[in-house]
Structure formats: structure tokens, C-alpha cells
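Working notes, beginning with the structure itself.
Values below: all heavy atoms of this structure, side chains included; hydrogens, waters and symmetry mates excluded. Letters go in sequence order (proteins before strands), and every chain restarts at 1.
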Amino acid sequence: MRMSQLFATTLREVPAEAEIASHQLLLRAGMMRKAAGGIYVFLPLGLRVLHKIETIVREEMDRTGAQELLLPIVQPAELWQQTGRWDVYGEEMFRLQDRHGRSFCLGPTHEEIITWLVANEVQSYRQLPVVLYQIQNKYRDEIRPRFGPLRSREFIMKDAYSFDRDAAGLDENYRKMYEAYARIFTRCGLSFRPVEADSGAIGGKGSHEFMALADAGEAAIVYCDACGYAANVEQAECLPPEGDGEAEAQDAGQARAGEASEPGWRRVETPGQHTVEEVARFLHVQPRNLIKTMIYLADGQPVAVLVRGDHDVNEIKLGHVLDVRHVFLADAETTERVTGAPVGFAGPIGLAQPVPMWVDQAVMAMKEAVTGGNAKDTHLVGVDPTVHFPAGYKVADLRLAQPGDLCPRCRRGRLQAARGIEVGQVFKLGTKYSEALGAMYLDENGRSHPIIMGCYGIGVSRTMAAIIEQCHDEHGIAWPMTVAPYQVIVVPVNAAEAPQWEAATQVYGQLQAAGVEVVLDDRSERPGVKFKDADLMGFPLRVTIGPRGLKEGKAELRWRASGQEEAVPLDQVVSRVQQAIADELQRYTP
RNA sequence: CGGGGCGUAGCUCAGUUUGGUAGAGCGUUCGGUUCGGGACCGAAAGGUCGCACGUUCAAAUCGUGUCGCCCCGACCA
């Protein structure tokens with residue numbers, strides 16, 4: 001490809017709409033343009049990268065025995081109504097009607113349609129297991145699209161679905177997919193970490209997310225520095241407090257219960273001190289000596305939730321233990337009605353309204369704690385949860401894991417925090433969709449059973465953005481060889497000088513003949529402009545042909561990522577470049 | 001949906017407070033000089049100032065409405 005012909009205009013300045021590196025660089029390098037909020041055009045260079053990623057995905061899916069098919073983007077409402085997700089998805093689903101008034105949606109995912117298909121095609125255990133996948137556009141009317149392809153409304157996704165007769169088969173397919181995902185992201189050049197995840201609204205149990213590590217990532221994860229444990233913070237388990245089993249904590253609690261005097265706590269005035277930090281400072285204690293009492297609405301019903309002052313409520317865990325669909329912090333009026341006090345003074349003792357009380361396990365190990373007094377400018381000190389809490393409360397793991405926590409798996413390491421971009425997720429779905437849509441098979445005895453499903457997604461366009469987040473510098477993108485739009489760019493320093501031009505076109509022709517993906521910068525630009533554009537677009541290798549090297553009969557080979565340079569005799573450029581490409585590809589081979 | 005900000009040339013932005021001929025830099029086109037990390041000189045093209053209505057002799061500027069974009073939050077396979 002000649003640069004003068006390439007449909008790509010680079011931007012010198014950062015477009016105001018882009019905040020993070022990947023979004024800015026995709027626009028600046030002429031790979032992508034915005035058509036509407038969260039809707040993008042992919043220009044030739046960007047599309048080549050997407051195709052490279054898709055090719056890697058296809059190769060690894062096919063290697064597992066999965067078979068590709070193509071599903072419709074426009075999907076009938078009935079299927080979604082059968083699984084109940086027509087309503088569950090809500091406003092996030094793009095909906096439309098045809099001329100006859102029939103309802104459709106633009107597929108946000110494809111469980112319904114694939115399960116419907118398999119329900120019609122599969123009757124016998126002899127047809128199982130089977131794994132099917134598709135790569136295509138999906139649509140979600142995100143409340144707030146942002147960060148370019150990291151959270152867009154139209155995006156490219158690979159979804160695979162496994163169909164098994166039993167749990168063992170599902171486990172086996174899940175394992176194969178997990179391994180394929182590790183290979184895919186390794187080949188894409190990503191630094192990533194599989195983490196234990198919550199399976200969210202899609203249903204089922206057992207899930208891992210593949211997180212590309214990046215500060216721009218929207219997901220917070222924790223991982224153990226001693227064992228391999230890693231989890232989304234939404235999911236991460238917390239041990240009962242510090243280094244000990246529950247039994248020990250309970251013993252301690254009982255011992256204290258014996259010696260506590262009634263009431264044992266006393267009321268103190270804390271004028272104007274609302275937050276944990278304010279109260280702690282005012283009373284000269286640490287935040288970890290306070291008990292935070294939050295009033296939540298669980299599907300509309302108020303509950304009191306207690307965590308230690310230096311902890312935060314994990315709303316996902318709360319939702320699970322309460323077995324409700326939505327939990328969110330109550331508004332100020334509700335809180336005031338329940339506690340009988342302004343926001344900031346809620347506590348477990350003396351609530352104005354009896355509501356269910358859920359206590360994080362860490363709270364139960366506290367003694368001499370500070371709580372809100374359920375009255376303006378009032379707190380209680382000397383509270384011992386095992387003694388003083390009103391009867392009827394329930395204890396559970398309700399808090400968000402924090403860096404420094406003891407690892408819940410090995411109980412030796414400490415948790416570290418990191419941020420990640422979710423590029424893939426694998427789920428054990430079970431029979432939720434097969435039961436709803438009647439995907440059954442007959443076993444050897446002629447008995448009917450629901451097919452057991454798994455689903456496995458990879459955000460292709462999101463992966464492209466994640467790669468840039470990890471592979472860029474102040475000059476632009478530095479694509480891994482495996483996904484680069486072109487492997488090499490040939491730059492004559494001055495195309496108007498015949499010797500340079502002739503050498504450059506000859507090298508270009510030879511590289512093309514050798515099957516190398518190569519761009520020739522044939523523009524009549526000054527060298528600085530060409531170098532800047534090459535760096536911005538991120539071609540992994542650059543062959544520079546200029547008067548300096550030409551005097552010696554040499555070209556210069558430069559690696560984009562490292563900046564390393566090497567003089568190569570003109571007649572050896574092709575073989576050296578081929579070697580360099582092979583070396584680079586090797587680096588990303590799992 | 002709540003809070004905040006912004007819509008002026010392809011891009012980045014000034015001009016709006018205090019109404020009076022539409023601006024700069026970059027990019028683009030043409031001519032020339034240049035040519036190893038975003039050159040220089042000269043000439044030029046390019047905008048119904050998001051849209052609508054209103055106020056006014058006069059609106060980019062003031063008012064109302066509307067659409068769009070960005071950020072924070074709620075939400076999120």
C-alpha cells in the first residue's frame with residue numbers, strides 16, 4: 001500500500017472528544033471516526049487491526065472444535081419475551097418495529113437466538129456436545145457511552161455458546177474456552193489476568209473475566225501476591241477479620257459478652273460530625289473503630305447494613321444475600337424516616353423504624369466501637385456488637401475487598417489492587433435459557449433433559465482499544481506484530497532524490513513479493529512528517545532509506561516499540577525484515 | 001435521569017461579559033525555496049457561528065425552546 005493512496009488522515013492535535021489514550025490515538029492515527037455518540041466508523045487501518053484480532057479469535061476458537069455461524073442482528077421480540085429479558089434489559093436494548101408493527105431488537109447478545117436455534121436442531125444426546133460461535137456487531141444503548149470503543153453502543157463481539165448434556169461436559173468446555181482465551185489474549189500482545197467474576201444479570205454461576213491491565217480500565221480487581229487468586233472486587237471474598245477463623249472470633253465475642261456491663265455504651269455529642277473521617281478525628285479514634293450504618297433500599301424495602309468504618313459495602317454481595325434484583329443507597333428522606341435522625345447519625349441501636357439489619361462479619365469482631373446514635377449530633381461509644389446489637393440481625397460477608405486484606409484463598413498473601421479492561425468473560429450458564437426456550441435432548445433411555453449451556457464472549461473492538469492502552473507512548477501507537485495493520489513501513493527520506501526513491505521502491509516491491517504486509521511512504525513530505533506519522537500509526541518496523549545509509553549501500557531498520565535501530569545492507573533487507581517479523585511473532589506465541 | 005461544561009473553518013481554539021463588517025494557529029490548494037524527527041516565503045480556498053422562535057434598527061453575542069457532544073454520578077454482558 002502506498003501512503004499517498006491510503007485512506008487515512010492523521011490529526012496533529014488531540015480531538016476534544018477523546019479523553020483516554022486509545023480513543024485519542026485511534027482518531028489521531030486515522031483509524032476511526034465518530035458517527036454519533038458511541039457509534040464509530042472504522043477506517044481501513046483500524047479495520048485491518050480488527051480483522052487481525054478476529055483472525056486470531058477464529059483460529060483459537062476453531063482449534064477448540066467450536067464452529068462459526070452467523071446470527072441475525074435484528075431479532076424478534078418473542079424470543080426475548082420467553083426468557084423474560086425483553087423487560088429485564090430495559091432501556092439498554094435498541095428496539096424497533098417493522099411496518100406491520102411487530103417488535104424486534106438489535107441484538108445486545110445472542111443467547112436467545114442461539115438457544116432457539118439449537119432447540120430446533122438438536123434432539124438427541126448424540127448431537128452433543130456442540131460449541132457454536134459468531135463474530136458480529138452487537139448493540140447496547142448504553143446510558144453513557146464513553147472512552148471510544150471501550151464503551152460504545154455498537155461494538156464487535158465474539159460470542160461462543162457451548163451445549164452439553166451434563167455438568168462434566170460443561171466443565172470441560174469451560175476449561176477449553178478458558179485456555180483458548182488465554183492464548184487469544186497472549187497472541188494479541190495483552191498483559192491480562194483472568195479473575196473470578198460475578199455472573200451478573202445474564203444468570204448462571206461460575207464465571208471468569210479476562211482483564212487487560214490498564215489504568216484506564218473501568219473494572220477494579222484484586223489479586224493475591226502469594227497465590228494465583230484474582231477477582232473482580234465485586235466478587236472478591238473477604239475473610240472474617242484478621243488472620244483467624246470464625247470460631248476464634250466467636251469465642252472472643254462470647255468471652256467479652258461475659259464481662260460486659262449493661263448497657264456498656266454511652267452517648268456522646270458529636271455536633272456537625274457526619275462522615276467517618278470527621279467522627280474519627282473528633283473522637284480521637286481510627287475509622288476502623290467506627291461502625292458505618294447505611295440504609296439501603298432492596299427492591300424498595302429499607303434495610304440497615306453495617307460495615308466497619310474503613311470498609312465499603314459491596315452492593316453485589318448485598319443483593320445476593322438479600323436475594324433481590326436491585327439494591328441502592330436510600331435517599332435522605334428514607335434514611336431520616338428509618339433512623340429518626342439526619343443522614344450521618346445512623347446506628348444499629350435505637351432505630352426509629354424496625355428494619356432488617358445485616359451486619360458484615362468484620363463488625364462482629366469489633367469491641368468498644370463507635371456507632372451513630374440515631375439522633376442529631378449524637379454517636380454511641382463503647383458498643384460491643386455481640387452484646388449490644390438488638391436481636392434478629394444477620395451476619396454475612398458484605399464488604400468490598402481492599403488492598404492489604406489477607407488473601408481469602410491462601411490466607412498468606414495480601415491482596416493488591418489493579419484496574420482492568422474487561423476484554424472477555426466466560427460463564428457457566430446452566431439451563432436458564434434452555435429451559436425457557438425448550439432446548440431439550442433425549443438421553444439413551446429416551447428421557448428428556450434441558451441442555452446445559454455455557455457462554456463465552458470477547459469484545460473485539462474493545463480488545464483493540466485495550467491493546468492501545470497497553471502499547472503506546474508519547475509518539476503514538478506501538479502495535480504488537482500480531483495485530484499491526486501493516487508489519488512494515490518503508491520511508492524514503494527524500495522521495496525526490498532518485499537513488500533513494502529507486503532503492504525504496506525496490507525494497508517495497510521485494511517485501512511485497514515476500515508476502516510482507518508493507519506500506520511505502522511515497523508522499524512528498526519532509527522526513528519529520530513521515531517519521532511522526534509512522535510512529536503515530538504504530539507500524540512495528542520501519543525501513544528508512546536515506547542518503548546517510550545509502551552511501552554505505554545500507555538501509556536502516558527501526559523497531560517502533562523499543563526504538564532499537566540497525567543498519568542493514570540493501571540486498572539483505574528482505575531477509576532481515578522477515579527474520580525480525582518472525583522474532584516478533586514468536587514473542588506473542590503462547 | 002441528576003449535577004457540571006461545551007457547540008464558531010477539516011482539527012485545536014479566541015471572539016459572547018459590554019449587540020454594530022467572521023478571527024488565529026494547524027491542516028488543505030497553488031507557486032517557489034527546502035529536505036534524517038510535525039520547514040520557510042508568497043498567494044488562495046474554506047464558516048447561513050448546532051437548529052428554531054423571539055427581543056432589537058441591528059444577534060455568534062441577549063431571551064426561550066430544542067438537538068448534539070464531553071465530564072462526574074446513578075446504571076452496566
| message | Categorize A:Asp159 for me: base, sugar-phosphate, or nothing, with a 4.0 angstrom heavy-atom threshold over every strand shown. | response | nothing
| query | For B:C72, does OP1 or OP2 lie under 4.0 Å from any side-chain N or O of A:Arg146? | reply | yes
| task | Among B:C35, B:C71, B:G37, find the nucleotide with the atom closest to the side chain of A:Val493. | result | B:C35
| message | I want to verify a distance call: between B:G38, B:C75, B:G37, whose nearest atom is closest to the A:Phe531 side chain? | response | B:G37
| said: Using a 4.0 Å heavy-atom cut-off, does A:Pro547 contact any base of the nucleic acid, only the sugar-phosphate backbone, or nothing at all? | reply: base
| query | For B:A39, does either OP1 or OP2 sit under 4.0 Å from a side-chain N or O belonging to A:Arg526? | reply | yes
| request: Give a yes/no on whether any side-chain N or O of A:Arg12 is located under 4.0 angstrom from OP1 or OP2 of B:G27. | output: yes
| said: When the P atoms of B:G25 and B:G42 are compared, how many Å lie between them, rounded to an integer? | reply: 12 Å
| query | Do A:Glu111 and A:Tyr433 have a side chain donor and acceptor closer than 3.5 Å? | reply | no
| said: Counting only side-chain heavy atoms from C-beta out, which of B:C71, B:C35, B:C1 sits nearest to A:Phe147? | reply: B:C71
| remark: Under a 3.5 Å limit on both distances, the Watson-Crick or wobble mate of B:U18 is none
| Donor/acceptor link under 3.5 angstrom from A:Asp533 side chain onto base of B:G38 | yes
| A:Met537 side chain reached by A:Thr10 side chain, heavy atoms, under 4.5 Å | yes
| query | Just checking A:Ala18: base, sugar-phosphate only, or nothing, at a heavy-atom cut-off of under 4.0 Å? | reply | nothing
| field | Rounded C1' spacing from B:G65 to B:C13 in Å | value | 28 Å
| remark: Out of B:C75, B:G38, B:U12, minimum distance to the side chain of A:Pro15 belongs to B:U12
| said: By the 4.0 Å heavy-atom rule, please label A:Gly457 as base, sugar-phosphate, or nothing. | reply: nothing
| note | When A:Gly459 and A:Ala36 are each assigned the nearest nucleotide of RNA chain B, the 5'-most assignment goes to A:Ala36
| said: Using a 4.0 Å heavy-atom cut-off, does A:Lys34 contact any base of the nucleic acid, only the sugar-phosphate backbone, or nothing at all? | reply: sugar-phosphate
| query | Which whole number of Å gives the distance between the P atom of B:G7 and that of B:U17? | reply | 14 Å
| Does any donor atom in the side chain of A:His208 or A:Tyr174 lie under 3.5 Å from an acceptor atom in the other side chain? | yes
| query | Charged N to carboxylate O under 4.0 angstrom, A:Lys158 versus A:Glu54? | reply | no
| On the ring face of A:Phe104, is A:Arg95 found with NZ or CZ under 6.0 Å from the centre and within 45° of the axis? | no
| Taking the side chain of A:Pro527 as its heavy atoms from C-beta onward, which of B:G36, B:G38, B:A77 lies nearest to it? | B:G36
| request: Provide the distance between the two P atoms, one in B:G4 and one in B:A45, to the nearest whole Å. | output: 44 Å
| Should B:U66 form a Watson-Crick or G-U wobble pair with both distances under 3.5 Å, which nucleotide is its partner? | B:G50
| request: Sticking with atom P, work out how far B:U64 lies from B:A9, rounded to a whole angstrom. | output: 25 Å
| query | Of the nucleotides B:A77, B:C75, B:C71, which has the atom closest to the A:Glu315 side chain? | reply | B:C75
| remark: With the side chain defined as heavy atoms from C-beta on, A:Arg548 is closest, among B:G37, B:C70, B:G36, to B:G36
| message | Nearest to the A:Arg558 side chain among B:A39, B:C76, B:G37, which nucleotide is it? | response | B:G37
| Of the nucleotides B:A77, B:G37, B:C11, which one has an atom closest to the side chain of A:Lys532? | B:G37
| query | Of all the choices, B:G38, B:C75, B:G25, which nucleotide is nearest to the side chain of A:Ile143 once you look at every atom? | reply | B:C75
| message | Give me the distance, rounded to whole Å, that separates B:A77 from B:G3 when you measure between the P atoms they each carry. | response | 26 Å
| task | If B:U61 has a Watson-Crick or G-U wobble mate with both distances under 3.5 Å, name it; if not, just say none. | result | none
| task | Mind checking A:Tyr456 for me? I need base, sugar-phosphate or nothing, with any heavy atom below 4.0 Å counting as a touch. | result | nothing
| With a 3.5 Å cut-off and just heavy-atom distances, do the side chain of A:Arg144 and the base of B:C75 make a donor-acceptor pair? | no
| query | What is the base-pairing partner of B:C1, counting Watson-Crick and G-U wobble geometry with both distances under 3.5 Å? | reply | B:G73
| Atom CG of A:Asn137: over 12 foreign heavy atoms under 6.0 Å | yes
| field | Electrostatic pair A:Arg151:A:Glu142 at N-O distance under 4.0 angstrom | value | yes
| query | Rounding to the closest angstrom, what is the interatomic distance between B:G68 and B:A59 at atom P? | reply | 27 Å
| task | Any strand is fair game: report the nucleotide pairing with B:A43 by Watson-Crick or G-U wobble, both distances under 3.5 Å, or none. | result | B:U29
| Can you check the A:Leu550 CG to B:C35 C1' distance for me, whole Å? | 15 Å
| Mate of B:C13 where both pairing distances stay under 3.5 Å, Watson-Crick or G-U | B:G23
| said: Please give the distance between the C1' atoms of B:C40 and B:C35 as a whole number of Å. | reply: 12 Å
